[in-house]
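First the proteins, then the strands, lettered A, B, ... as listed; each starts at 1.
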There are 2 protein chains.
Amino acid sequence: MEYEDLRIIDTPSLVRDHAISKLRNAISSGLYPPGARLVERELCEALGVSRTSVREALRQLQSENLVEVGRRRSINVAVITAQDAADIYMIREMLETQAIRRFVALSDDAERKALAAVHKRLVKALSKNDMAQLSAIASEFYERVLIGAKSRVIYEVARPLLARVNYLRIRSMAEPGRLDGGLKEWDAMMEAVQAGDADRAAEAMAVHLRNARAAIVARLEADEKTAIPAKRKAAS
Amino acid sequence: MEYEDLRIIDTPSLVRDHAISKLRNAISSGLYPPGARLVERELCEALGVSRTSVREALRQLQSENLVEVGRRRSINVAVITAQDAADIYMIREMLETQAIRRFVALSDDAERKALAAVHKRLVKALSKNDMAQLSAIASEFYERVLIGAKSRVIYEVARPLLARVNYLRIRSMAEPGRLDGGLKEWDAMMEAVQAGDADRAAEAMAVHLRNARAAIVARLEADEKTAIPAKRKAAS
DNA sequence: GCCTCTAGTTTGTATGACAATATTAGATGT
DNA sequence: ACATCTAATATTGTCATACAAACTAGAGGC
């Protein structure tokens, strides 16, 4: 996930942003699993930055709902329940069908080409079965759709939702059959976009998200049934 | 807006939260108008807290999109364009029709009573033409709907949108005829909720938000046409 | 009037300090 | 050995400073 570095508008690399990015990655990748406690001092050492910066980064992640405060004021990686995931995907369906409609209507040629390129990378990565890589590329796909939709508000609202399911997607794509299904869905979406057919693109996105939702919710419900751990520790 | 204080789960009032709340109010009320630059040192003095706390508060407001970073890292009160407002209301329509459906299905008796009470206050305040007061109560109405919908995710996504239009609502309700229209719409919503008719409630919410959207967008477009100020200063 | 250089602002970041809680480890009693 | 209470240790929230880098504005020179 290096889109941050592609931005045109510069912001000579703030330490804070770097920290946020690192932490987001650590959470997405599962290095800090859901429920893990994040201790400021440890993060300082791990990231090599001051407490000031770590704390500001945590505040940011907090309002993105990637971490949550425990009752003792501890900061823990957010636990996403099956219910949460279901709602997130419901909302994503609302937002991203709208987004892809606008993408079809408003994107310029470069943006469409870039999206097609990401799609191509997606297809290639699919054959390698590298879930983490795949999830990262998928994120980029959705993000490009959001950007091409040219609505600041849609982007701001939908983007944090993407970050929250990043970690889940990695595991849900491991569901048998989900990969091939996902591939077909992405193909359909891409084709509709290139044909300039907003209705069909939106419908393809909706189908895709509904299927993804089903896979993720199923996985989470299964997990919740088996293990209800009282406490969780951070990865060493 | 004192819901914060009603929470059961205590959090012995953090200085940071206090600062956030104060700043949010200052922005909603227009004390710091859109575009105004927020200087850390001044906020420290105004709020009587350290820079550490101010900065953490600003980070939070930043991810709520109530403030935005200017080109050279200055923090400014977010400017909401007509386009932004239109999108915000579109998204609110998606989210809050869903929310009111769930409210009808899931709220308990106390929550319905509380909503009715807010509605009553709304009606009373309407006759007094106190826009700021009215806007605050309206916010509480929407917020209660979101809470009663019992979806953490819907709440987390929709709530920040409410904060963003708080300031606008004050002025849009001054549009001639908007008040009476709003009253009828709220009545319809409330009636449907009490009748337990989710479809009708959702439709009433949709109509209400579409009308509110039209009023606010019209107002913003008019403003944008007349005044394109190059720079804006904070309220003295 | 216009340009340049200097001095003051403002932000980003780091450090150190300290109170108030939490948590853990130990000491103690049975 | 076990439960319990207590003292040592950790952790978070907050403040005060410090300083470099980027920026702004004003003084002064042309």
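- Aromatic ring orientation, A/Trp186 versus A/Phe141: perpendicular (interplanar angle above 60°, classes split at 30° and 60°).
- Looking at A/Asp109 and A/Lys113, a side-chain N of the basic residue comes within less than 4.0 Å of a carboxylate O on the acidic one, giving a salt bridge.
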### Task
Just do the salt bridge (Lys or Arg N to Asp or Glu O under 4.0 Å) check on B/Glu156 and A/Arg164 with the steps written out, would you?
CA-CA 12 Å; B/Glu156 287 165 354; A/Arg164 284 171 86 176; 3.0 Å; yes

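- Using a cut-off of 4.0 Å between Lys/Arg side-chain N and Asp/Glu carboxylate O, B/Arg159 and B/Glu143 are scored as salt-bridged.
- Using five terminal pairs a side, the axes of the helix from C/dG1-D/dC30 to C/dT30-D/dA1 at its two ends make an angle of 10°, given in steps of 10 degrees.
- Within residues 46-56 of chain A, the residues approached by DNA chain C to less than 4.0 Å at the level of any non-hydrogen atom are A/Val49, A/Ser50, A/Arg51, A/Thr52, A/Ser53, in residue-number order.
- Going from atom CZ of A/Arg73 over to atom P of C/dA19 covers 17 Å, rounded to whole Å.
- What separates CD of B/Glu40 from P of D/dC15 is a distance of 14 Å, to the nearest Å.
- Geometric assessment of B/Arg144 against the ring of B/Phe103 yields a negative cation-pi assignment under the 6.0 Å and 45° thresholds.
- A/Arg41 has its CZ atom 16 Å from the P atom of C/dT23, to the nearest Å.
- Side-chain contact annotation: A/Gln62 with A/Arg59, donor-acceptor N/O pair under 3.5 Å present.
- The pair A/Glu140-A/Arg121 meets the salt-bridge criterion, since a charged nitrogen lies less than 4.0 angstrom from a carboxylate oxygen.
- Near-neighbour residues of DNA chain D inside residues 57-65 of chain A, defined by a heavy atom below 4.0 Å, are absent.
- Ionic pairing of A/Glu68 and B/Arg152 is present here: one or more N-O contacts between side-chain nitrogen and carboxylate oxygen are shorter than 4.0 angstrom.
- Using a 4.0 Å cut-off between charged side-chain N and carboxylate O, B/Lys150 and A/Asp87 make no salt bridge.
- Using a 4.0 Å cut-off between charged side-chain N and carboxylate O, B/Glu64 and B/Arg24 make a salt bridge.
- The residues B/Arg219 and B/Glu224 are annotated as not salt-bridged, no charged nitrogen and carboxylate oxygen being separated by less than 4.0 angstrom.
- Rounded to whole angstrom, the span from the CZ atom of B/Arg72 across to the P atom of C/dT10 amounts to 11 Å.
- Rounded to a whole Å, the CG atom of B/Leu43 is 11 Å from the P atom of C/dT10.
- For the pair B/Arg37 CZ and C/dT10 P, the computed distance is 7 Å after rounding to whole Å.
- Taking atom CD of B/Glu42 as the reference point, atom P of C/dT11 lies 9 Å away to the nearest angstrom.
- Atoms CZ (A/Arg71) and P (D/dT11) sit 16 Å apart, rounded to a whole Å.
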